[in-house]
Asker: 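Have a look at this one before I ask anything.
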Amino acid sequence: MSHSDQPTPLQSRSSGPLSGRVRVPGDKSISHRALILGALAVGETRISGLLEGEDVLNTAKAMRALGAQVERTGEGAWTVHGVGVGGFKAPDAPLDFGNSGTGCRLAMGAVAGSPIVATFDGDASLRKRPMRRILDPLELMGSKVTSSGDSGRLPMTLQGARDPLPIVYRTPVASAQIKSAVLLAGLSAPGVTTVIETEASRDHTELMLSHFGAHVVTTNEGTHGRKISLTGQPELHGANVVVPADPSSAAFPIVAALIAPGSDVVLTDVMTNPLRTGLFTTLREMGASIEESHQRNDTGEPMAQFRIRASQLRGVEVPPERAPSMIDEYLVLAVAAAFAEGTTTMRGLQELRVKESDRLQATADMLRVNGVQVEISGDDMIVVGKGHVPGGGLVATHMDHRIAMSALVMGTAADAPVKVDDTTFIATSFPDFIPMMRALGADLT
Ligand code: S3P
């Protein structure tokens with residue numbers, strides 16, 4: 001992937017109400033998992049509604065390089081013919097995951113359970129992100145890192161385990177990526193692999209493993225946690241996967257509709273898995289008009305239609321235990337908080353420092369440069385809402401798609417236009433973001 005040789009700046013200015021009915025693209029987490037589990041299954045997996053963003057396309061390429069047959073048969077329609085658990089072949093070249101921590105870390109788990117050597121690499125943003133948190137449990141299971149960049153960063157070569165050991169692993173941070181890597185490696189281990197999390201993270205891997213025929217048992221652990229046990233060496237069979245619309249992508253038009261006066265926007269098929277909907281809970285507490293209808297659950301994950309009407313928001317306290325269910329949404333929540341009346345305090349955001357950028361700092365900078373009062377105190381972010389945002393700033397995106405989209409959303413209702421220095425990374429998760437926002441009435445030039 002060649003990004004940022006040519007940065008593409010963009011300006012967003014307020015344009016009046018947004019209106020229309022849209023379906024945002026398929027969920028990124030589910031799209032990665034469908035390709036990876038399809039590659040580990042025997043037989044055909046058919047996926048519809050796959051997110052065709054760069055992150056997911058890199059996972060598709062990696063699964064091909066590991067021996068699976070992966071084909072695009074139509075818009076969002078893909079088939080995968082897998083190699084079976086433990087059946088990956090050594091790739092001929094390094095696997096390049098571009099900007100994607102999820103694709104890379106889940107693939108590391110899958111490779112750790114196969115007796116092959118593979119090199120993992122990514123772009124400048126991914127090369128800065130911590131990988132030790134994934135390698136610690138994978139090494140306990142018998143895989144080895146044979147070379148890596150500085151302080152255990154990418155590029156990295158991993159030797160998968162010939163005879164992986166099942167382990168019981170307590171994740172040190174609430175991370176679905178760590179949990180998923182351990183479970184994917186555990187597929188090749190004899191016996192039961194168990195992951196214990198003090199705070200439950202998104203459970204798409206567990207749900208999809210069951211859908212592909214694995215035996216997975218989940219129980220509650222403490223007040224907010226879970227214990228997930230997977231019986232190793234199952235015969236995974238190919239399955240049909242329908243990918244619902246991504247709530248993390250829906251967050252952008254939702255917040256834009258809330259802050260642009262007079263807006264009325266409908267979003268269809270939005271995934272409503274409770275481990276992903278912390279933003280909607282928070283926005284409702286802030287006074288947002290979000291009407292949910294057409295609930296259905298016929299494809300393994302719940303989904304619903306959302307109608308959003310512009311609302312005067314008020315500041316709230318967001319508790320730290322809500323963080324795993326909205327970890328990717330704090331950036332755009334901070335934008336909503338800036339338009340609210342009163343102070344919003346978001347607690348327990350340490351994980352934001354190790355995402356595609358240091359999102360705690362980048363979000364504070366995005367707001368400050370547009371005249372919003374914001375403070376970082378330890379791991380908390382405090383935004384002082386004044387009911388309007390002066391705007392007029394140039395936002396640095398730091399190779400981070402969600403910073404770019406949050407800043408453009410802010411511009412749809414700010415007093416003066418908001419500029420972003422580079423929109424190219426939006427293609428990693430939401431390739432149609434700009435045309436979709438324009439179709440709703442946003443003024444992006
Ligand atoms: C994801 C998990 C989250 C999230 C990422 C997608 C996943 O990361 O930030 O965008 O699909 O498992 P962590 O698990 O590291 O919190």
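In each ligand, atom 1 is the first atom listed, and ligand 1 is the first ligand listed. As the structure is a computational prediction, the values presented were derived from the model and not from experiment.
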Asker: Where is the nearest protein heavy atom to atom 6 (C) of ligand 1: which residue, which atom, and how far?
Answerer: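 Checking every protein heavy atom, the shortest distance to atom 6 (C) of ligand 1 gives T102 OG1, 3.2 Å.
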Asker: Hey, is ligand 1 close enough to Q177 that some N/O pair sits below 3.5 Å?
Answerer: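 For ligand 1, there is an N or O atom that lies under 3.5 Å from one belonging to Q177.
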Asker: S180 versus ligand 1: do any nitrogen or oxygen atoms come within less than 3.5 Å of each other?
Answerer: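 There is no such contact.
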Asker: Is it the side chain (CB and beyond), the backbone, both or neither of K179 that lies under 4.0 Å from ligand 1, heavy atoms counted?
Answerer: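 It is neither part, as no heavy atom is under 4.0 Å.
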Asker: Got an N/O contact under 3.5 Å between K355 and ligand 1?
Answerer: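 It does: an N or O of K355 is found under 3.5 Å from an N or O of ligand 1.
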Asker: Can you check whether A176 has an N/O within less than 3.5 Å of an N/O in ligand 1?
Answerer: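 Between A176 and ligand 1, an N or O pair is found under 3.5 Å apart.
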Asker: I need the contact type for H32 against ligand 1. Using non-hydrogen atoms and a strict under-4.0 Å cut-off, is it side chain, backbone, both or neither?
Answerer: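 No part of H32 is near ligand 1 at this cut-off.
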Asker: Report the nearest protein non-hydrogen atom to atom 4 (C) of ligand 1: residue, atom name, distance rounded to 0.1 Å.
Answerer: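 Residue, atom and distance for the closest contact: D328 OD2, 3.3 Å.
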Asker: Mind telling me whether F433 and F252 have parallel, tilted or perpendicular rings, with 30° and 60° as the class edges?
Answerer: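 The rings of F252 and F433 stand perpendicular, inter-plane angle above 60°.
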Asker: For the pair D328 and R359, find out whether any cationic side-chain nitrogen is under 4.0 Å from an anionic carboxylate oxygen.
Answerer: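 Looking at R359 together with D328, the answer is yes, because their closest N to O distance falls below 4.0 Å.
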Asker: What residue among T205, T102, D203 forms side chain to side chain donor-acceptor pair (under 3.5 Å) with S180?
Answerer: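 Checked T205, T102, D203 against S180; only one passes side chain to side chain donor-acceptor pair (under 3.5 Å): T205.
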Asker: Taking atom types as modelled and ignoring hydrogens, do the side chains of S429 and H401 form a donor-acceptor contact shorter than 3.5 angstrom?
Answerer: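 The answer is yes; a qualifying pair exists.
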Asker: Have E221 and T198 got a donor and an acceptor in their side chains that come within less than 3.5 Å?
Answerer: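 No - no donor-acceptor pair under 3.5 Å links their side chains.
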Asker: Starting from atom 15 (O) of ligand 1, which protein heavy atom do you reach first, and at what distance in Å?
Answerer: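 Among all protein heavy atoms, the one nearest atom 15 (O) of ligand 1 is S175 OG, 3.1 Å.
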Asker: Looking only at distances, please establish whether an N/O atom of ligand 1 is found under 3.5 Å from an N/O atom of R33.
Answerer: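 By distance alone, the answer is yes.
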Asker: Would you please say whether a donor-acceptor pair under 3.5 Å links the side chains of R322 and T281?
Answerer: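 Not at all, the side chains of R322 and T281 share no donor-acceptor pair under 3.5 Å.
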Asker: If we only count N/O pairs under 3.5 Å, is E351 in contact with ligand 1?
Answerer: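 So ligand 1 has no N or O lying under 3.5 Å from an N or O of E351.
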Asker: Side chains of S175 and R133: any donor to acceptor distance under 3.5 Å?
Answerer: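 There is no such pair between these side chains.
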Asker: Can an N or O of S29 be found at a distance shorter than 3.5 Å from an N or O of ligand 1?
Answerer: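 By distance alone, the answer is yes.
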Asker: Exactly one of L313, L258, V318 should register a side-chain contact (heavy atoms from CB on, under 4.5 Å) with M286. Which one does?
Answerer: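 Per the side-chain contact (heavy atoms from CB on, under 4.5 Å) rule, the option paired with M286 is L313, out of L313, L258, V318.
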